[in-house]
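These notes are about the structure you will find just below.
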Amino acid sequence: METVRVRFAPSPTGELHIGGLRTALFNYLYARRHGGVFILRIEDTDRTRYVPEAELRLMEMLKWAGIAPDEGPQVGGPHGPYHQSERLPMYRQAAEELMAKGLAYPCYCSSETLDQMRQQQQARGMPTRYDGRCRKLTPDDRKRLDDKGLTPVVRMVLPDREERMVVKDLIRGNVAFNTSQLDDQVLLKSDGFPTYHLAVVVDDHAMEITHVLRAEEWLPSTPKHLLLYRYLGWEPPQYAHLPLLLNDDRSKMSKRKGDVSVEAYQAKGYLPEALVNFIALLGWSPGDDREVFTLEELVQEFSIERINKTGAVFNRDKLDWMNQQYMSRLPVERLVALARPFFPDLSVLERNHDLVVRAAGVVQPSLVTLADLPSQLELFLKDPQAPLAPEVDQTLAKDEVRRLAGSMATHLGAVNPWGAKGFQEAMKTVQKETGLKGRDLWIPARMVITRAGEGPELPLVVEALGRDLTLERIRQAAQG
RNA sequence: GUCCCCAUCGUCUAGCUGGCCUAGGACACCGCUCUUUCAAGGCGGCGACACGGGUUCAAAUCCCGUUGGGGAUGCCA
C-alpha cells in the first residue's frame with residue numbers, strides 16, 4: 001500500500017484559526033495513524049492579504065500544539081519548495097499546458113465588467129457565472145488586447161456537454177454536482193499568481209498527496225479540482241471534508257463572537273494538550289465514553305470513519321473543564337514553570353520558589369487556566385503592608401480577634417512537627433482557651449493567617465505557608 | 001436566487017450493518033453531600049431522536065417529502 005501523505009495548507013493572512021488547528025490536527029493524526037507523512041504547505045498566493053509575521057507564528061503554534069510537520073518550510077523535504085509563491089513556474093506551466101490543449105483560455109474582462117455581469121444575473125434570478133465571452137476571442141483579438149497593455153487572467157474551460165461530477169468523499173459518501181453549475185474558474189490571476197484551485201491541484205499532485213482532509217467549505221469547489229485533475233491527466237487524491245466549527249449561533253466560527261485564534265487561547269492560559277484534546281472531540285469521537293486522551297492515544301484511536309458530518313459548536317465551558325482536567329494532572333513544578341508568563345512580578349516567584357510550589361499544590365485542583373495561578377497564590381505571598389479588604393480590616397481590629405491571635409501564637413508556636421494535623425490539634429487548645437468556636441473561631445483565624453475571607457482549607461494553607469510565615473502573620477495580627 | 005451539505009438533551013456526542021434504547025456518556029444548569037469559608041471532589045436530578053409520510057412483525061436507526069440550519073456561489077483562501 002502506498003504511503004499516506006497528507007498536508008495542512010494554510011494561507012498566512014493572520015493568526016492561526018482554531019478551525020485551522022483542528023484541520024491540521026486531523027491531518028496529523030491520520031498521517032501518524034498510518035505511518036504517513038504530514039506536510040505543511042504555505043498558500044501565500046494572495047499578496048493583498050499577506051501578513052509577513054503570520055507564517056512564523058503559525059508554525060510556532062503547530063509546534064506548541066505538538067503537531068509539527070514532517071515536511072514544510074522549516075524542516076524542508078523532497079517535495080519543496082513549500083511556499084506556493086516559490087512554485088510559480090509550475091502553475092504557469094500547468095496553465096500553458098491547459099491552454100495548449102484548449103482547456104483554458106485568457107480572459108481580459110475587468111473586475112468591473114464581472115461585477116456588472118454578476119449583478120445582472122442576480123437581478124434575473126440566474127446563477128452568477130462567467131458567461132464565457134472571452135472564450136470566443138480570436139488570436140487577433142488577443143493580440144490587440146495585449147497590445148493595449150491588458151494582462152489577462154487564465155480561465156479553465158468547462159466540458160461542452162453537461163456532465164455529472166461525483167466527489168467520492170470519505171465522510172459524506174458520493175456527492176454529485178452538475179458541470180452546468182460550475183464556472184469558468186480563474187486559474188491564473190493577472191499578477192501571475194495562481195488561484196487556490198490551480199495551485200491546490202498542481203501542488204497536491206506534485207507533492208504526491210494521497211488524502212485531502214480539509215474543511216467542508218471546500219466541498220462545492222471539489223468538482224472543479226476533479227476536472228483539473230482530468231484535464232492534466234493526473235490521479236486525484238481521496239477527499240474527506242471535515243464538519244465546520246461553529247459559533248454559538250451555528251454560523252461558521254469566526255471572530256466577532258469570541259476568540260478564534262490559537263494564540264488567544266495560549267495567551268489565556270490554556271494548555272496545548274487540553275486544547276488539542278478538546279478540538280479532537282469536535283467532529284470526531286472514539287465511540288466510547290472516554291474523553292481525556294493524550295496525543296499518542298488520539299493517534300491510536302483516530303479514524304476517518306468516526307468523523308461525523310454535523311458542524312460542531314465550539315463550547316468554551318467544556319474547554320474550561322478539559323483544561324482543568326489537564327491542569328490538575330500536571331506535576332506541580334511543571335505547573336509553576338508553565339504559569340510563569342502569567343505572573344506580573346517574576347521576582348516574587350523567584351524569591352519564594354519553594355513556598356510557591358507548595359502553595360500551587362494546594363490551589364491546583366481549582367485552577368481552570370494557567371492564568372488563574374497568580375491570583376490564587378496571592379494569599380500565600382501577600383505583602384504584609386498591602387491594604388486589606390474592609391471586612392478583614394474590621395475583623396482584625398477587634399480586641400477579641402487580637403486575643404485570638406495571641407492564643408494562636410502561643411499554641412501554634414509549640415506545634416511539632418509543623419503540618420495540617422498539628423495545626424488542627426493546636427486549634428482545639430485555642431478554642432478552649434478563647435471560648436470561640438464554629439464560625440466565630442474559624443473565620444477570624446483564617447483572616448489572621450491569610451488576611452482574606454476565603455480560600456483553600458486553612459490547615460492546608462498553614463502547612464504550605466510554613467511555621468515562620470504563619471507565626472509572623474499571627475504575631476502581626478496580635479499586635480494589631 | 002442557484003447548487004451542495006447537515007438534522008439525537010442548551011452544547012459536544014454514543015447510537016452507524018433496524019429489535020439489547022422506557023435513547024447512554026460528558027459539559028453547563030439545579031439539588032444534596034464533603035468542607036466550621038470559596039472552589040474543587042462525591043452523589044443525584046433536569047434534559048433530545050425537527051415534522052409528516054412510507055418500508056417492516058419491529059425505526060432514532062432504511063426510503064421519500066416538508067421544515068429548519070449551514071456552506072458555496074471572488075483575479076480570497
Side-chain angles (χ1 to χ4, degrees), chain A residues 9-13 20 43-46 48-49 107 109-111 114-115 118 121-130 151-155 167 169 171-172 175-178 180-183 185-197 199-200 214-223 241 243-244 246 248-252 278 281-292 305-306 308-322 324 328 363-368 372 376 427 431 437-443 445-447 450 452-458:
Chain A
S11 50
T13 57
E43 309 225 324
D44 53 350
T45 57
D46 184 352
T48 63
R49 294 203 306 156
C107 166
C109 293
S110 67
S111 31
L114 296 171
D115 280 348
R118 270 190 285 269
Q121 286 166 336
Q122 204 140 47
R124 282 192 226 125
M126 293 168 62
T128 53
R129 304 218 313 270
Y130 182 62
T151 15
V153 303
V154 176
R155 286 182 184 273
V167 177
D169 189 273
I171 295 170
R172 278 150 232 281
V175 183
F177 296 84
N178 197 308
S180 65
Q181 290 132 209
L182 268 34
D183 206 348
Q185 190 66 50
V186 173
L187 301 178
L188 224 46
K189 309 180 221 176
S190 54
D191 64 3
F193 278 67
T195 59
Y196 173 82
H197 306 289
V200 77
R214 67 194 350 172
E216 189 192 349
E217 56 195 333
W218 292 110
L219 186 54
S221 48
T222 308
H241 287 93
L244 258 20
L246 273 25
D248 288 337
D249 64 3
R250 304 203 75 86
S251 59
K252 190 164 79 168
F278 175 67
L281 264 17
L282 259 26
W284 175 86
S285 76
D288 54 38
D289 291 342
R290 288 172 301 159
E291 294 203 286
V292 181
E305 292 73 52
R306 295 210 57 86
N308 54 236
K309 304 181 179 86
T310 324
V313 173
F314 186 86
N315 180 211
R316 275 284 296 272
D317 282 334
K318 184 126 189 195
L319 172 60
D320 283 349
W321 172 81
M322 183 67 81
Q324 193 181 219
S328 62
V363 301
Q364 185 172 19
S366 58
L367 299 174
V368 174
D372 294 337
Q376 297 255 26
M427 285 301 286
Q431 178 174 337
K437 57 182 181 185
R439 299 172 66 93
D440 293 337
L441 170 67
W442 290 97
I443 291 180
R446 166 177 295 281
M447 288 180 176
T450 70
E454 58 184 46
E457 288 181 44
L458 201 48

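Within the shown strands, nothing qualifies as a pairing partner of B:rC20 under the Watson-Crick or G-U definition with both distances less than 3.5 Å. Pairing for B:rG65 is with B:rC51, a Watson-Crick or G-U wobble pair whose two hydrogen-bonding atom distances lie under 3.5 Å. With both pairing distances under 3.5 Å, B:rC76 is matched to nothing as a Watson-Crick or G-U wobble pair. Base pairing annotation: B:rC3 forms a Watson-Crick or G-U wobble pair with B:rG71, both donor-acceptor distances under 3.5 Å. A 3.5 Å limit on both hydrogen-bonding distances identifies B:rG45 as the Watson-Crick or G-U partner of B:rC29. In this structure B:rA39 sits in no base pair that meets the Watson-Crick or G-U test at under 3.5 Å.
Between A:Lys252 and the phosphate of B:rA72, there is a side-chain N or O to OP1/OP2 separation shorter than 4.0 Å. Contact check, A:Arg129 against B:rC3: no side-chain N or O comes under 4.0 Å of OP1 or OP2. Residue A:Lys189 places at least one side-chain N or O under 4.0 Å from the OP1 or OP2 atom of B:rC76. Within the structure, a side-chain polar atom (N or O) of A:Arg250 is placed less than 4.0 Å from OP1 or OP2 of B:rC12. Between A:Asn308 and the phosphate of B:rU13, there is a side-chain N or O to OP1/OP2 separation shorter than 4.0 Å. In this model, the phosphate group of B:rA77 is approached by a side-chain N or O of A:Thr45 to a distance below 4.0 Å at OP1 or OP2. Of the side-chain N and O atoms in A:Ser285, one or more sit less than 4.0 angstrom from OP1 or OP2 of B:rA14. For A:Arg49, no side-chain nitrogen or oxygen approaches OP1 or OP2 of B:rG74 to under 4.0 Å. Distances shown here put a side-chain N or O of A:Arg118 below 4.0 Å from the OP1 or OP2 atom of B:rG74. In terms of phosphate contacts, A:Trp321 brings a side-chain nitrogen or oxygen within less than 4.0 Å of OP1 or OP2 of B:rC27.
At the heavy-atom level, A:Leu244 lies under 4.0 Å from the strands shown only through sugar-phosphate atoms. Base contact: A:Val153 has a heavy atom under 4.0 Å from a base atom. Using a 4.0 Å heavy-atom criterion, one finds that A:Phe193 contacts no nucleic acid atom at all. In this structure, A:Gly287 reaches the sugar-phosphate backbone alone: every heavy-atom distance under 4.0 Å involves primed, P, OP1 or OP2 atoms, never a base. Among the heavy atoms of the strands lying under 4.0 Å from A:Arg446 is at least one base atom, whether or not backbone atoms are also near. Residue-level contact check: A:Leu282 touches the backbone only, with heavy atoms under 4.0 Å from sugar-phosphate atoms and none from bases. Using a 4.0 Å heavy-atom criterion, one finds that A:Cys109 contacts the bases of the nucleic acid, with or without backbone contacts as well. Residue contacts for A:Glu305: at a heavy-atom cut-off of 4.0 Å it reaches no nucleic acid atom on any strand shown.
Taking atom CG of residue A:Asp191 and atom C1' of nucleotide B:rC76, one finds them 12 Å apart after rounding to whole Å. Regarding A:Glu291, its CD atom lies at a distance of 4 Å from the C1' atom of B:rA26, rounded to whole Å. Rounded to a whole Å, the NZ atom of A:Lys318 is 10 Å from the P atom of B:rC12. Going from atom CD of A:Glu457 over to atom P of B:rG41 covers 14 Å, rounded to whole Å. Whole-Å rounding puts the A:Leu114 CG to B:rG74 P distance at 9 Å.
Within the 4.5 Å cutoff, the side chain of A:Tyr130 has no heavy atoms near those of the A:Val186 side chain.
In this structure, A:Arg155 and A:Leu441 both approach RNA chain B, and ranking their closest nucleotides by distance from the 5' end singles out A:Leu441. Mapping A:Trp442 and A:Ala176 onto RNA chain B by nearest heavy atom places A:Ala176 at the nucleotide closer to the 5' end.
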Salt bridge (Lys or Arg N to Asp or Glu O under 4.0 Å) between A:Lys189 and A:Asp191, intermediate numbers included: CA-CA 5 Å; A:Lys189 309 180 221 176; A:Asp191 64 3; 5.1 Å; no
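Side chain A:Arg439 to base B:rU36: no donor-acceptor pair is found below 3.5 Å. In this model, a side-chain donor or acceptor of A:Ser190 finds a partner on the base of B:rC75 within 3.5 Å.
A:Trp218 and A:Tyr196 have parallel rings, their planes meeting at less than 30° on a 0 to 90° scale where 60° marks the start of perpendicular.
Checked by atom type, the side-chain pair A:Thr310/A:Asn308 shows no donor-acceptor distance below 3.5 Å. Side chains of A:Thr222 and A:Arg214: a donor on one and an acceptor on the other come within 3.5 Å.
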